[in-house]
Amino acid sequence: MRRLALGAAVIAALFVAGCGESEQVVVYKQGQYQGKPDKQPWDNDQFKGDKLAWEKAVKARNSGQDEYARGSGG
């Protein structure tokens, strides 16, 4: 009897939890982007807008991930 009551309570809790979801409606403004503005990846404190330094850092990071360049390749 106790197991039946526990099962009924679990089913009732799941049923009530499923009914609690509210409808989510987004209001769009035609022709306007409402998200966060994107910045260039090199516009930060580390590179201070220097695109060439950013590209050099990316190439150095990528070359460290190449198995053949690290000498462990076939």
### Task
Side-chain contact test, heavy atoms from C-beta onward, threshold under 4.5 Å: evaluate it for Asp38 versus Lys36 and give yes or no.
yes
## Note on the structure
Smallest heavy-atom separation, Phe47 atom then Ala53 atom, equals CE2-O, 3.7 Å
### Pairwise side-chain contact, Glu55 with Leu52, heavy-atom cut-off 4.5 Å (strictly under)
yes
### Query
Within a radius of less than 6.0 Å around OH of Tyr33, do more than 12 heavy atoms belonging to other residues, nucleotides or ligands occur?
yes
